[in-house]
Q: 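Submitted below is the structure of interest, expressed as structure tokens.
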Amino acid sequence: MDISRLKGFREFLPDEMEARRRVFEVMRQTALSFGFGEVDMPSLERLDLFRVKSGEEIVEQTFSFVDKGGREVTLIPELTPALARIVAHRKDLQKPVRWFSIPKIWRYEEPQSGRLREFYQFNADIFGSSSIYADAEVIALAMEILHRLGLAGKFQMRISDRYMMEAILRELGDVDVDRAFRAIDKIGRADEGWIQNELISAGIPDPDEFMGFISSHGGQDVLDDIEAAYPSTRPRCERLRDLMSLLDAYGFREHVVDLSIVRGLAYYTGVVFEAHDAKGEFRAILGGGRYDTVVKLFGGEDTPAVGFGMGDAVLELLMRREGVWPEERFSPDVFVASAGAREYAIEVAMKLRREGFRVEMDLSGKGLSKQLRYASRRGIPFVVIVGDREMEKGVAVLRDMAAGTQVEVPLKDLPALLRGRLP
RNA sequence: GCCGGGAUGGGGUAGUGGCCAUCCUGGGGGACUGUGGAUCCCCUGACCCGGGUUCAAUUCCCGGUCCCGGCCCCA
């Protein structure tokens, strides 16, 4: 019998979980500050929910199985279809809908650096607004999260527009758009000769010149060049210019136009974006874009949408490298040590707990020496010592473990004193 | 699914075709029943799995699993 942990799955103990929880809390507070509401969705869904959007090949990349009722089901590989289903059917929802979530999601792939089979993914979407303001708002949320996580200037937000790329490809002739996109998506990762061959096969006559264009990334000047060379891109260039200006207005500096960003998925429409490590060490930190046709696929009205997803794996690698991953340590604020007078110790512990402190209490019934040793080893910064003497006087002894000093205080003053000493 | 490198107590490691498999750390207990970190003592606990070669395999060979990394893919 094999009871070992499955490949690509992680276990988090309190120390590790505390760090991750803090990171998620930053994401959550940032999204809330942007007026996004938090949602949660089922972890198990019908496989058909994902077939609608992505086709049969997705089955091989999901944790799917037939349940006891004969239904084909799967652990969700992404959140968007469930959201689109709700938006399609809940016609009472006032638009624009702005939602975020931090679900666990599952993908049956080979684990490697920054990629696991089970991971958390922060997800934010706006449904019901086709305006460029919505694109800007979503991208700004992504950048603000990275900023608040201590990654300002450590990433680059690369932005493109699929419609613009399609316009360029149409000007080049009879091009196999999907194939060209796949090749473009590999720029910077795959062999350049191979990419050129793929581009030729896709029907692009002069891949050298073409790659020159899409390899250049930067600000408005890149858009000017594109517009001059491919006049039919003008409306999309205008839109991208607006987007870049809006992101300036949000106060960000990490955004650039980068035509090599196309995203692998067929359903994206219009603006697409990815945030990358500025040093180019890791795979994409996050990715997203516009998907204006998806809600309709689920039977709803034509509902424009834009959003992004950010997994915790690459983010963690990057934050660790930059030294901004939170300290991996969980400990209570206070340990209540009991020297007899167990009921009084319980009373003190509960008082502190209800005042908002993290309070661990002795459960061993061992001597004070052992209790102090335990608290010391756990790294708990304060110990409250209570026994018969303290109970009779209605006081408690507050011991600062780092300083090795202690004071006797009336019980009613204990919370305030503790609050003043904790960081 | 494919390719490369790994795998020795909970964590980190040394080492070996044969003898009680090394050390550090952690965990439990004690010296110490109202004051911790030090020290000392005791206890706990490992050669990834299966097959092969061999008198003998943790060690060599093959396969698998898992970990790390790369490819494919990346919703």
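All chains are named by letter (A, B, ...) in the order of the sequence lines, taking the proteins before the strands, and each is independently numbered beginning at 1.
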Q: Can you tell me the Watson-Crick or wobble partner of U59(B), both distances under 3.5 angstrom?
A: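 With both distances under 3.5 Å required, U59(B) matches none.
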Q: Determine, using ring centers only, whether His147(A) and Phe252(A) are less than 6.0 Å apart.
A: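 Under 6.0 Å, so yes.
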Q: Using the C1' atom as the point on both nucleotides, what is the distance between G10(B) and A46(B), in whole Å?
A: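 So the two C1' atoms sit 11 Å from each other.
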Q: Between C72(B) and G15(B), how far apart are the two C1' atoms, rounded to whole Å?
A: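 These two C1' atoms come out 41 Å apart once rounded.
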Q: For the residue pair Tyr291(A) and Tyr268(A), categorise the inter-ring angle as parallel (less than 30°), tilted (30 to 60°) or perpendicular (more than 60°).
A: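 Aromatic pair Tyr291(A)/Tyr268(A) classed perpendicular.
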Q: Output the rounded distance in Å from OH (Tyr374(A)) to P (G29(B)).
A: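 My rounded result for the distance is 11 Å.
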Q: Starting from C1' on C67(B), measure out to CG on Leu116(A) and report it in whole angstrom.
A: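 Rounded to the whole Å, the gap is 12 Å.
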Q: Could you tell me the separation between the NZ atom of Lys7(A) and the C1' atom of C2(B), rounded to a whole number of Å?
A: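 So the NZ-C1' distance, Lys7(A) to C2(B), works out to 12 Å.
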Q: For G30(B) and Lys370(A) - does any side-chain N or O of the residue sit under 4.0 Å from the phosphate oxygens OP1/OP2?
A: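 Indeed, a polar side-chain atom of Lys370(A) lies that close.
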Q: Is the distance from OP1 or OP2 of G27(B) to the nearest side-chain N or O of Arg377(A) less than 4.0 Å?
A: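 The answer is yes; a side-chain N or O of Arg377(A) sits under 4.0 Å from OP1 or OP2.
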Q: Verify the ring-centre separation between Phe382(A) and Phe335(A): is it less than 6.0 angstrom?
A: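 No, too far apart.
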Q: Report which part of the nucleic acid Gly309(A) touches: base, sugar-phosphate, or nothing (heavy-atom distance under 4.0 Å, all strands).
A: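 No contact.
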Q: Rounding to an integer number of angstrom, what distance separates G12(B) and G26(B) when you compare their P atoms?
A: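 Looking at atom P only, G12(B) and G26(B) are 15 Å apart.
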Q: Measure from the side chain of Glu110(A), starting at C-beta and using heavy atoms only, and say which of G34(B), C67(B), C71(B) lies closest.
A: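 Selected nucleotide (nearest to the side chain): C71(B).
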Q: Counting only distance, no hydrogens or angles, is the base of C73(B) paired donor-acceptor with the side chain of Arg115(A) under 3.5 Å?
A: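 Between C73(B) and Arg115(A), which were checked side chain against base, a qualifying N/O pair under 3.5 Å is present.
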Q: Measure CZ/Arg373(A) against P/G26(B) and give the value in whole Å, please.
A: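 Value for this atom pair: 11 Å.
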Q: Checking all strands, does Glu390(A) fall into the base, sugar-phosphate, or nothing category for heavy-atom contacts under 4.0 angstrom?
A: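 Counting heavy atoms under 4.0 Å across all strands, the contact made by Glu390(A) includes a base.
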Q: Using the side-chain heavy atoms of Ser369(A), tell me which of these nucleotides is nearest: C72(B), C73(B), G36(B).
A: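 Of the options given, the side chain of Ser369(A) lies nearest G36(B).
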Q: I would like to know whether Phe9(A) and Phe63(A) meet ring-ring contact (aromatic ring centres under 6.0 Å, His included); could you show each step before the answer?
A: CA-CA 12 Å; Phe9(A) 287 71; Phe63(A) 275 90; 5.6 Å; yes
Q: Could you say whether Ile385(A) or Phe9(A) is positioned toward the 5' end of RNA chain B, judged by the nucleotide with the nearest heavy atom to each?
A: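 The residue whose closest nucleotide sits nearer the 5' end is Ile385(A).
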Q: With rounding to the closest Å, how many angstrom separate the P atoms on U58(B) and G9(B)?
A: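 Between the two P atoms, the distance is 15 Å.
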Q: Please report, rounded to the nearest Å, how far the C1' atom of C71(B) is from the CH2 atom of Trp194(A).
A: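 For the pair Trp194(A) CH2 and C71(B) C1', the rounded distance is 12 Å.
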Q: Write down the distance separating the C1' atoms in U16(B) and G64(B), rounded off to the nearest Å.
A: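 It comes out at 25 Å once rounded to the nearest Å.
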Q: Can you tell me how far C1' in A21(B) sits from the matching atom in A14(B), rounded to whole Å?
A: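 Pairwise C1' distance, A21(B) against A14(B), rounds to 10 Å.
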Q: Out of G34(B), G70(B), G36(B), which nucleotide sits closest to the side chain of Gln112(A)?
A: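 For the Gln112(A) side chain, the nearest candidate turns out to be G70(B).
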Q: To the nearest angstrom, how far is Glu109(A) atom CD from C2(B) atom P?
A: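 Distance check: Glu109(A) CD to C2(B) P gives 15 Å.
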Q: Compare the minimum distances between each of U35(B), G36(B), G1(B) and the side chain of Met401(A), then state the nucleotide with the smallest one.
A: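 The answer is G36(B).
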Q: Of the nucleotides U35(B), C73(B), G70(B), which has the atom closest to the Ser113(A) side chain?
A: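 In terms of side-chain proximity for Ser113(A), the closest of U35(B), C73(B), G70(B) is G70(B).
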Q: Phe50(A) versus Glu78(A): any side-chain heavy-atom pair under 4.5 Å?
A: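 In contact.
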Q: With both distances under 3.5 angstrom, what nucleotide forms a Watson-Crick or G-U wobble pair with U53(B)?
A: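 Pairing partner: none.
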Q: If we take the P atom in both C2(B) and C60(B), what is their distance in whole Å?
A: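 Straight-line distance between the two P atoms is 25 Å.
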Q: Rounded off to whole Å, could you give me the CG-to-C1' distance for the Asp178(A) and C73(B) pair?
A: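 Those two atoms, CG and C1', are 15 Å apart.
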Q: Distance-only, no hydrogens or angles: does the Ser33(A) side chain make a donor-acceptor pair with backbone N or O of Ala31(A) under 3.5 Å?
A: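 Flag not set: sc Ser33(A) to bb Ala31(A) has no pair under 3.5 Å.
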Q: Identify whether any heavy atom of Asp388(A) sits under 4.0 Å from a base atom; if not, whether one sits that close to sugar-phosphate; answer base, sugar-phosphate or nothing.
A: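 Base contact.
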Q: By the 4.0 Å heavy-atom rule, please label Gly8(A) as base, sugar-phosphate, or nothing.
A: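 Sugar-phosphate, no base atom in range.
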Q: Can you tell me the base-pairing partner of U65(B)? Count Watson-Crick or G-U wobble geometry only, both distances below 3.5 Å, and say none if there is no partner.
A: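 Pair assignment: U65(B) / A7(B).
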Q: Can you tell me whether the side chain of Gln371(A) and the base of U35(B) have a donor-acceptor pair closer than 3.5 Å?
A: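 It does not, because no donor-acceptor pair links the side chain of Gln371(A) to the base of U35(B) below 3.5 Å.
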Q: For the rings on Phe122(A) and Phe24(A), is their centre-to-centre separation under 6.0 Å?
A: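 Between Phe24(A) and Phe122(A), which both carry aromatic rings, the centre distance is not below 6.0 Å.
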Q: Considering only the P atoms, how many Å lie between U59(B) and C47(B), rounded to the nearest integer?
A: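 The answer is 12 Å between these two P atoms.
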Q: Mind checking Arg182(A) for me? I need base, sugar-phosphate or nothing, with any heavy atom below 4.0 Å counting as a touch.
A: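 Touches sugar-phosphate only.
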Q: Closest nucleotide of RNA chain B for Leu372(A) versus for Lys366(A): which of these residues is on the 5' side?
A: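 Mapping each residue to its closest nucleotide by heavy atoms, the 5'-most match is Lys366(A).
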Q: In the strands shown, is C23(B) matched to any nucleotide by a Watson-Crick or G-U wobble pair with both distances under 3.5 Å, and which?
A: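 Answer to the pairing question: G12(B), which forms a Watson-Crick or G-U pair with C23(B).
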Q: How many whole angstroms separate atom CD1 of Ile3(A) from atom C1' of C66(B)?
A: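 So the CD1-C1' distance, Ile3(A) to C66(B), works out to 14 Å.
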Q: Within a 6.0 Å radius of atom CD on Glu38(A), are there more than 12 heavy atoms belonging to other residues, nucleotides or ligands?
A: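 Count over threshold, so yes.
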